[in-house]
Amino acid sequence: MAPKRTKNKAPSADPQGMFAGMVVFLIENSVQSRRLQIWKQKLEQMGAKIETHLSKKVSHVFAMSSDALFHHVDKDQLARFKGHVLLYQWLEDSLAAGEKVSEHLYILKVDPEGEDVPDKNPKLEAANRNSSIHGEQSHCKRIKSSPEEIKHTNEESKGDIETNTASGLSNNEPNSPSSVTSGPEIPSTLDKDVGTPTSSLPYSPPDLNKDITEIFGKLINIYRALGDDRRSFSYYKAIAVVEKLPFKIESADQVKNLPGIGKSLQDHIQEIVTTGKLSKLEHFETDEKVRTISLFGEVWGIGPATALKFYEKGHRALDDLKSDNSLTNVQKLGLKYFDDIKTRIPRNEVQEMESLLQKVAEDIVSGVVVVCGGSYRRGKASCGDLDIIITHPDGKSHKGFLQKYVKRLKEMKLLREDLIFSTHSEEGTDQGVDTYFGLCTYPGRELRHRIDFKVYPRDIYAFGLIAWTGNDVLNRRLRLLAESKGYRLDDTGLFPATHGSGSKRGARGTTSLKLETEKEVFDFLGFPWLETYERNL
DNA sequence: CGGCTGTACTG
DNA sequence: CAGTAC
DNA sequence: GCCG
């Protein structure tokens with residue numbers, strides 16, 4: 001019998017989730033990323049807790065096969081493990097059955113010699129091809145890509161790095177800009193599927209619990225405006241959890257042991273589902289101080305501290321600020337174009353500007369790669385700003401490019417005002433990233449949009465691409481994951497955790513691991529691959 | 001109780 | 001250095 | 001705010 005982790009819960013299992021009480025550790029080795037993603041989601045939805053490493057609390061370990069299992073975890077550690085080690089197929093069958101099926105057919109032996117697979121379903125054999133990617137310990141030192149493997153994972157990726165980088169790089173088809181003006185969602189072209197047609201997903205994540213997430217969303221903005229980013233982020237995470245629930249919450253009990261939802265948020269949810277509102281939010285929204293500071297904080301260049309300062313000076317409206325002589329230059333611009341900057345940009349216009357920017361760039365340095373990242377690259381129908389990521393395949397022609405580029409773009413009146421301009425890549429200096437933040441206009445208009453340029457040396461381009469494609473939740477998760485594996489990840493690379501020896505600025509000297517594509521980075525970290533349009537976490 | 005990403009510019 | 005932004 |  002499955003030894004119940006008789007937590008402190010009623011004997012009657014949680015009616016909500018069939019996996020309630022389970023603490024699972026997933027061996028991601030040789031699992032198709034799409035399926036892994038689904039399994040994780042299902043497990044969490046139905047009450048299981050997912051651990052990032054094989055800790056004492058883990059009750060179940062899942063693996064594709066015994067091969068995958070032994071290549072990924074330490075045998076001794078496994079031998080000491082007291083819980084259940086099962087094939088993923090148990091999950092599949094349980095989900096299909098709607099209840100936990102008997103485990104005995106799916107048990108993986110934890111034999112120290114373990115080369116004997118118990119009773120492996122034939123179909124698993126197929127799914128379990130290369131189980132020996134990582135020959136090393138749990139810390140895979142190398143991410144060697146033999147030609148064969150590349151063929152497996154990345155069918156058509158045989159050309160130059162730049163033209164295929166994992167997907168959706170410059171394979172935005174060179175359509176005449178005007179011909180594709182209507183695709184609101186999903187980017188026009190995507191590579192051949194990764195095997196699983198997205199149709200097999202029984203998910204229908206409609207806006208159940210929208211009342212809750214909307215209120216939390218407002219609290220996010222309020223706390224951010226007040227400078228309490230931590231608290232703000234807690235609500236942010238809670239929204240993601242609530243949105244995944246397949247049912248409408250009617251009682252706080254139903255969210256009692258979901259990750260990211262503690263006592264306080266339970267109370268909030270309880271109040272919302274019973275009264276339809278949250279007194280705490282009502283209070284905030286009628287508080288003049290909160291309202292004013294929130295408003296001021298929407299101006300580019302004004303943060304919580306400055307907003308508070310202006311409030312205490314007696315300012316109450318944006319017009320009051322315009323006459324304040326303590327405004328910095330960028331704050332003046334943020335104020336002047338307040339409404340402009342807040343106006344979202346239709347996807348098709350971003351697409352046209354991207355191709356225009358590509359043409360202008362090519363005109364300056366042949367071969368330069370210009371990609372619009374951010375929410376555009378994630379397939380959104382409209383964008384708040386433009387994130388332009390640039391590199392050059394030859395690894396050196398990016399140097400000094402940004403100055404010329406900005407100059408040219410100003411001449412043609414695409415770039416209008418500067419916010420920040422910094423360069424590091426001038427000959428001699430380090431592996432810096434050149435950055436430009438400013439305001440731009442769509443050809444023929446005056447409406448200002450925020451635009452960012454980031455120029456990366458070729459060898460760290462993949463990291464910049466990931467970071468500036470986002471979203472921020474994904475970036476955080478990747479960084480946390482990297483850290484858990486003894487690395488430090490940022491938009492300039494993936495570094496072995498230089499322990500103790502302060503990872504200060506100088507540590508930049510330590511070069512990043514050489515990973516050339518986004519997929520290589522995901523793979524190295526063991527994070528299931530996500531197409532760009534799947535990164536809206 | 002302390003961490004919650006980490007880095008660079010502006011003034 | 002504080003504040004801000006990505 | 002949540003988590004360990």
Side-chain angles (χ1 to χ4, degrees), chain A residues 49 51-53 55-57 216 219-220 222-241 255 257-269 278 280 296-310 325-334 341 373-375 384-389 418-424 430-438 450-454 463-464 466-484 487-495 497 502-508:
Chain A
K49 175 140 174 39
E51 280 287 301
T52 53
H53 59 293
S55 70
K56 296 195 107 65
K57 299 170 304 187
F216 283 7
L219 287 173
I220 289 174
I222 289 170
Y223 280 121
R224 183 177 298 153
L226 297 180
D228 194 344
D229 283 353
R230 316 295 189 180
R231 188 158 310 194
S232 172
F233 189 53
S234 285
Y235 285 95
Y236 193 96
K237 283 184 291 191
I239 286 186
V241 172
V255 294
N257 39 34
L258 287 178
I261 302 202
K263 179 70 175 69
S264 183
L265 289 196
Q266 284 170 40
D267 292 345
H268 290 175
I269 289 175
L278 189 63
K280 179 177 194 162
F296 292 172
E298 288 180 52
V299 177
W300 206 91
I302 296 182
T306 311
L308 176 59
K309 186 189 74 183
F310 285 145
N325 57 358
S326 69
L327 284 174
T328 66
N329 277 337
V330 298
Q331 288 166 347
K332 287 176 192 163
L333 288 171
I341 293 173
S375 55
D385 61 9
L386 284 74
D387 290 308
I388 311 297
I389 308 145
D418 303 331
L419 294 174
I420 287 178
F421 197 169
S422 74
T423 57
H424 290 272
D430 57 342
Q431 286 258 289
V433 179
D434 289 351
T435 304
Y436 175 90
F437 297 163
R450 280 276 298 103
I451 187 167
D452 297 346
F453 294 105
K454 287 265 177 181
F463 302 103
I466 288 175
W468 299 107
T469 295
N471 62 10
D472 54 347
V473 176
L474 174 61
N475 285 341
R476 280 194 180 91
R477 287 174 59 173
L478 289 174
R479 283 167 180 163
L480 264 316
L481 181 57
E483 187 179 337
S484 76
Y487 296 90
R488 181 177 60 81
L489 173 71
D490 63 31
D491 71 309
T492 67
L494 182 62
F495 312 87
S503 53
K504 282 299 184 200
R505 220 59 299 279
R508 184 61 78 68

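What you are looking at is a predicted structure, and each value in this text was computed from that prediction instead of being measured. Below, chains carry the letters A, B, ... as their sequence lines are ordered, and counting in each starts from 1.
The side chain to side chain contact (heavy atoms under 4.5 Å, CB included) check on A/Asp229 picks up A/Arg224, with sequence neighbours excluded. Here A/Asn471 pairs with nothing under the side-chain hydrogen bond (donor to acceptor under 3.5 Å, both in side chains) rule; sequence neighbours left out.
Contacts of A/Ile261 with the nucleic acid, taken as non-hydrogen atoms under 4.0 Å apart, involve only primed sugar atoms and P, OP1 or OP2. Within the 4.0 angstrom heavy-atom criterion, only backbone atoms of the sugar-phosphate kind lie near A/Lys49; the bases stay farther away. Among the protein residues, A/Asp452 comes within range of the sugar-phosphate backbone only, with heavy atoms under 4.0 Å from sugar or phosphate atoms but none that close to a base. When heavy atoms are screened at a 4.0 angstrom cut-off, A/Ile302 is found touching the sugar-phosphate backbone but no base atom. As judged by a 4.0 angstrom heavy-atom cut-off over every strand, A/Val299 is placed among residues touching the sugar-phosphate backbone only. A/Lys263 comes within 4.0 angstrom of sugar-phosphate atoms only, judged by non-hydrogen atoms across all strands, and of no base. Among the heavy atoms of the strands, none lies under 4.0 Å from A/Arg477.
Contact between the side-chain N/O atoms of A/Arg479 and the OP1/OP2 oxygens of B/dT7 is not found at any separation under 4.0 Å. Note on A/Arg450: every side-chain N or O is 4.0 Å or more away from OP1 and OP2 of C/dA5.
When distances run from any side-chain atom of A/Ser264 to the nucleotides D/dC2, C/dC6, B/dG6, the shortest one goes to D/dC2. When the nucleotides C/dT4, B/dT7, B/dT5 are ranked by their closest atom to the side chain of A/Arg476, B/dT5 comes out on top. Listed nucleotides C/dG3, C/dC6, D/dC2 differ in distance to A/Trp300; the shortest reach to its side chain belongs to C/dC6.
Residue pairs that meet the side chain to side chain donor-acceptor pair (under 3.5 Å) test with at least one member in residues 299-310 of chain A, sequence neighbours left out, do not exist here. Among residues at least two apart or in separate chains, salt bridge (charged side-chain N to carboxylate O under 4.0 Å, His left out) pairs with a member in residues 297-306 of chain A are A/Glu298-A/Lys342.
Checking side-chain atoms of A/Asn475 against main-chain N and O of A/Ala467 turns up a donor-acceptor pair under 3.5 Å. Remark: side-chain polar atoms of A/Arg488 are not paired, donor with acceptor, to backbone N or O of A/Glu483 under 3.5 angstrom.
In this structure, A/Trp468 places its CH2 atom 13 Å from P of C/dA5, rounding to the nearest Å. Summarising the geometry, the separation between OH on A/Tyr223 and P on D/dC2 is reported as 10 Å, rounded to the nearest angstrom. We find that CD1 of A/Ile220 is positioned 13 Å from P of D/dC2, with the value rounded to whole Å. Rounding to whole angstrom units, CG of residue A/Leu474 and C1' of C/dC6 are separated by 15 Å. When rounded to the nearest whole Å, the span between CG of A/Leu481 and C1' of B/dC4 equals 16 Å. The distance from atom CD1 of A/Ile341 to atom P of C/dA5 is 11 Å, rounded to the nearest whole Å.
Near DNA chain D, meaning a heavy atom under 4.0 Å from it, residues 227-235 of chain A has A/Arg230, A/Arg231, A/Ser234, A/Tyr235 in order of number.
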Polar atoms only, N or O, under 3.5 Å: list the protein pairs with nucleotides 9-11 of chain B and their distances.
| unit_1 | atom_1 | unit_2 | atom_2 | d |
| --- | --- | --- | --- | --- |
| B/dC9 | OP1 | A/His424 | NE2 | 2.8 |

